[in-house]
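The structure under discussion appears below in the form of structure tokens.
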There are 2 protein chains.
Amino acid sequence: MTLSRSTKRHKAETGKELMSDVGSVDRFSNVLSGVVKLTKTLSDGRQQIVGLQFAPDFLGRPFQAESTVTAEAATEVELCSFPRQALERMMKEQPDLEHRLLEQKLRELDQAREWMVALGRKTAAEKIASFLLMIARNIDPAAGPERRGASFDLPLSRAEIADFLGLTVETVSRQITRLRGEKVIRVENNRHVTVDDIQRLAARAGD
Amino acid sequence: MTLSRSTKRHKAETGKELMSDVGSVDRFSNVLSGVVKLTKTLSDGRQQIVGLQFAPDFLGRPFQAESTVTAEAATEVELCSFPRQALERMMKEQPDLEHRLLEQKLRELDQAREWMVALGRKTAAEKIASFLLMIARNIDPAAGPERRGASFDLPLSRAEIADFLGLTVETVSRQITRLRGEKVIRVENNRHVTVDDIQRLAARAGD
DNA sequence: CGGCCTTTTGACGTCAATCAAAATTTGTGG
DNA sequence: CCACAAATTTTGATTGACGTCAAAAGGCCG
């Protein structure tokens with residue numbers, strides 16, 4: 001994608017709020033590396049992560065934003081960000097862009113619905129397995145489709161995983177411990193996960 | 001929207017499967033009246049409703065469909081349906097169409113994320129209140145924004161509501177009974193609901 | 001009226017939440 | 001590099017909200 005002159009690049013430290021659809025922040029970005037989490041919060045503080053964006057996803061909600069989603073860097077993130085105006089000009093000049101945006105949003109919608117099934121109908125154990133599987137597929141640098149194993153750093157803390165899966169930290173921890181006990185995964189430094197046999201993990205995802 | 005010659009109109013009886021994104025069914029529709037439910041099912045039969053489409057929503061997932069969503073009529077439905085080919089031709093002739101499709105998909109994405117919060121973080125009571133509120137806003141014929149009350153037929157059975165909210169039929173029934181006992185809603189014939197004070201209902205939705 | 005399906009109600013069980021505290025990791029300054 | 005503080009993760013004990021199982025009540029249509 002060619003960038004207009006008004007774009008800028010920057011790194012965001014972990015946890016930094018990148019943009020909130022709720023208010024005046026009126027920018028649009030491209031995730032160059034890292035993971036961005038989209039969260040929604042209830043008035044009493046309960047939180048739910050409603051999406052994760054990996055490179056090279058677009059980031060932002062064009063055409064008005066009433067949806068009160070907050071985007072935060074989950075890991076070190078490199079963004080290429082530009083004002084809404086630039087996006088809209090680019091879309092005029094290059095209608096293909098709007099098409100690609102539609103395709104990405106359709107993918108996001110598919111993913112959101114995938115997670116609705118997990119949130120509504122899967123057990124804690126199945127949620128964790130599904131989550132690890134999803135991360136493995138998105139993050140493992142050598143993620144060929146025919147790989148038997150995978151190894152990756154979790155982009156989220158236990159608390160964030162809980163917010164993603166509609167669980168508590170304690171339940172997340174227990175389920176990960178259980179998977180480790182059953183040798184489905186190995187965990188180093190709490191963040192690095194190795195899956196020797198992805199099929200065995202997939203078998204626990206409940207699909 | 002102008003319809004190409006190859007389009008057709010038909011009514012679907014309740015419960016009829018309209019299209020499945022999984023396979024060869026390759027049509028695209030417009031909901032003219034009624035409610036269509038989008039469901040996903042796990043291999044052991046657990047089901048989750050991942051979306052409800054009200055008139056005048058589009059229905060269908062253009063540009064390949066790997067997402068195994070099934071669309072079914074929840075009520076009597078009038079559709080205007082046409083083959084994918086027609087849609088793609090129409091999009092070429094009228095680029096505005098693709099733009100409107102994008103806007104609708106963005107709305108659907110917002111809604112999906114709204115429900116992710118409910119599924120992951122709300123209590124059974126809050127889920128029911130949120131659901132009734134959503135239906136009231138979409139269905140009540142006289143739903144002016146400044147109405148104090150609302151009255152409508154539920155487009156879903158208790159079992160379907162359960163599948164939408166990630167609950168069991170029994171829990172749905174108990175929560176509705178509870179709301180009735182507290183005079184937040186009145187229910188006639190199990191399907192018709194009257195809300196005298198929408199604010200009181202909204203206060204229980206937990207947002 | 002009678003069978004069938006949906007909804008409600010009741011008794012009980014269980015999975016995940018809550019509460020509490022220990023263990024481990026991470027970060028900071030000397 | 002180590003010592004200490006803070007944050008994160010794990011583990012344990014207990015509770016509670018919702019699920020499960022069972023049966024009664026209510027609607028719908030022949």
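Each chain gets a letter, A, B and so on, in the order its sequence line appears, and its residues count up from 1.
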Salt-bridge test for [X] and [Y]: reply yes if a basic N is under 4.0 Å from a carboxylate O, no otherwise.
X	Y	value
B:E103	A:K105	no
A:E114	B:K40	yes
B:E170	B:R158	no
A:D57	A:R107	no
B:D196	B:R148	no

A:L154: which of A:T75, A:V187, A:V193, A:N190 passes side chain to side chain contact (heavy atoms under 4.5 Å, CB included): A:V193
Looking at B:R180, B:R174, B:E182, which hits side chain to side chain contact (heavy atoms under 4.5 Å, CB included) with B:R178? B:E182
Quick one: does any side-chain atom of A:T177 pair with a main-chain N or O of A:S173 as donor and acceptor, under 3.5 Å?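 Yes: the side chain of A:T177 pairs with the backbone of A:S173.
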Any donor and acceptor pair, going by atom type alone, linking the side chain of B:R186 with main-chain N or O of B:T194 inside 3.5 Å?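 Side chain of B:R186 to backbone of B:T194, a donor-acceptor pair under 3.5 Å: no, none is there.
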Rounded to whole angstrom units, what separation is found between the CG atom of A:L154 and the P atom of C:dT26? 13 Å
Nearest-Å distance for atom pair CZ/P, residues B:R191 and C:dT8: 11 Å
Would you tell me if any nitrogen or oxygen in the side chain of B:S173 comes within less than 4.0 Å of OP1 or OP2 on C:dT6? no
Looking at B:N189, I'd like to know whether one of its side-chain N or O atoms comes within less than 4.0 Å of OP1 or OP2 on C:dT6. no
Can you pull the contact range of chain A along DNA chain D, 5' to 3', using atoms under 4.0 angstrom from its heavy atoms? D:dT9 to D:dA13
Using a 4.0 Å heavy-atom cut-off, write out nucleotides 15-22 of chain C from 5' to 3' as B (base contacted by protein), S (sugar-phosphate only) or - (no contact). -SSBB---
End-to-end axis angle, where each axis spans five pairs of the helix from C:dC1-D:dG30 to C:dG30-D:dC1, to 10°: 50°
A:D207: which of A:K127, A:K122, A:R121 passes salt bridge (charged side-chain N to carboxylate O under 4.0 Å, His left out):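 That would be A:K122; it is the only one of A:K127, A:K122, A:R121 passing the salt bridge (charged side-chain N to carboxylate O under 4.0 Å, His left out) with A:D207.
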